[in-house]
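Worksheet: one structure, shown below.
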Amino acid sequence: MYKSNDIIFKYIEEESKRQVEGIELIASENYVSEDVLKAMGSILTNKYSEGYADKRYYGGNKYIDEIEKECISRVKEVFKAEHVNVQPYSGSPANLAVHLAFLNPGDKTMGMDLSAGGHLTHGFKVSISGKYFDSVSYGVNEDGYIDYENVRKIALEHRPKLIWSGFSAYSRVIDWNEFRKIADEVGAILVADISHVAGLVAVGEYPSPVGIADVVTTTTHKTLRGPRGAIIMCKEEYGEVIDKAVFPGLQGGPHNHTTAAIAVAMNEVLSDEFKEYAKQIKKNAKVFSEELIKMGYKVISGGTDNHLFLVDTVGSVGKSGKEVSDILESVNITVNKNSIPNDQRKPWDPSGIRIGTPAITTRGMTEKDMIYIASIIDNALKDSSEKNIDSLRESVKQFTKKFPIPGLGI
Ligand SMILES: *Cc1c(COP(=O)(O)O)cnc(C)c1O
């Protein structure tokens, strides 16, 4: 039955309103610029271009080739990478392409445990990376830090062909060189997945694994503040296997509108403003975590060196991560429930939450605003009566009016 699309556009309006009136603390989210949105919403989505620039399986790719080449050259400039592939549809397919490039089904791979802060695609058992490959994992210590001696021990015992470093929920700095040594000791390919910290890495606010790891993958939509997509960077010698794994190994035609939007985002990353932005993300995360600690909350590893931190909500307020995230959602604050290291509870109802500052920093919030948000969180968790929740939600709505988000009305 043919229908009007009004309902879809109405929901987009409602979602815009939700984004405007809420405080977004999900560490993997951000607000892209109008230029990024413009490129993403362009007619480039109409075009098929299987293959790579100057080697396409379809005609009519004159301009698409230029866009992809320009995008690759900007990524190389930002990350000082040797070889770059900008075609992966998103972070998960990028990581699957890396598995495909270096492993046969059943081969050994090793990554950080999901409950310790790793990602599904680093060998978690229900993911294809843990089903089609023989995956082993390493975790963190009681204090929340990676214990490299333990990583080495597991690597020596299992001798994986691929070692994954990188995370979705780890608030500290990774010692890429230490991973390099471990990979060399067992003859493994080292992959660094910088999806979360790519924006910080791009401007020197987090150490770069480029030139240390054999392969570096990243999403483009988190701290990098681009469209949903991904990039694989590698040493020249692995360029061919990586490209072949992405296409024709795993994907068909690239999403050219996304490629164009990644190019636009890379240009923004090269601006002075982005450098300031990345610094402010870290300052905000630090002040935010310190404020919660002052109020008696248990922050995993005692703080943060990047854009995120984890709170043990069971240990802090006797509520599970899910309960806390539900209460906060009712006052227009969005966080995600998250396992904490050595969590005794299940992933769908874990013991903590993850808090990140990339999105609210894009909106222009600074240290004093972190202190304010921490106080709202504490208030909502200590008194979740309907009256208090209603009044806090009103305060949040008023507060967010001061911080516009880009791209409304496009
Ligand atoms: C977000 C993330 C991914 C996956 O990205 P999607 O675009 O959601 O598929 C992969 N690895 C890490 C470390 C991530 O944080």
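When a ligand or atom number is given, it counts from 1 through the structure's own listing order.
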Numbered atoms of ligand 1 (with element) below 4.0 Å of [X], judged on heavy atoms:
{"X": "Asn95", "result": "10 (C), 11 (N)"}
{"X": "Gly91", "result": "4 (C), 5 (O), 6 (P), 7 (O), 9 (O)"}
{"X": "Ser168", "result": "12 (C), 13 (C), 14 (C), 15 (O)"}
{"X": "Ser92", "result": "4 (C), 5 (O), 6 (P), 9 (O)"}

As a check for students: among [options], identify the option with a heavy atom nearest to [atom].
{"atom": "atom 2 (C) of ligand 1", "options": "Lys222, His221, His196", "answer": "Lys222"}
{"atom": "atom 5 (O) of ligand 1", "options": "Thr217, Thr220, Thr219, Leu96", "answer": "Thr219"}
{"atom": "atom 13 (C) of ligand 1", "options": "Val197, Asp193, Thr218", "answer": "Asp193"}

Is the [X]-[Y] ring centre distance short of 6.0 angstrom?
{"X": "Tyr89", "Y": "His255", "result": "yes"}
{"X": "Phe167", "Y": "His119", "result": "no"}
{"X": "Tyr138", "Y": "Phe179", "result": "yes"}
{"X": "Tyr57", "Y": "Tyr48", "result": "no"}

Of all heavy-atom pairs between Leu310 and Pro341, which one has the smallest distance, and what is that distance?
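Of all heavy-atom pairs spanning Leu310 and Pro341, the closest is CD1-CD, 4.4 Å.
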Counting only N and O atoms by type, is there a donor-acceptor contact under 3.5 Å from the side chain of Thr218 to the main-chain atoms of Ile231?
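Side chain of Thr218 to backbone of Ile231, a donor-acceptor pair under 3.5 Å: no, none is there.
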Shortest protein heavy-atom distance from atom 3 (C) of ligand 1, along with the residue and atom involved:
His119 NE2, 3.2 Å
In the protein, what heavy atom is nearest to atom 7 (O) of ligand 1, and what distance, to one decimal place, separates them?
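The closest one turns out to be Ser90 OG, 2.4 Å.
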Hey, mind stepping through His83 and Tyr238 against ring-ring contact (aromatic ring centres under 6.0 Å, His included) and telling me if it holds?
CA-CA 8 Å; His83 181 88; Tyr238 300 119; over 10 Å; no
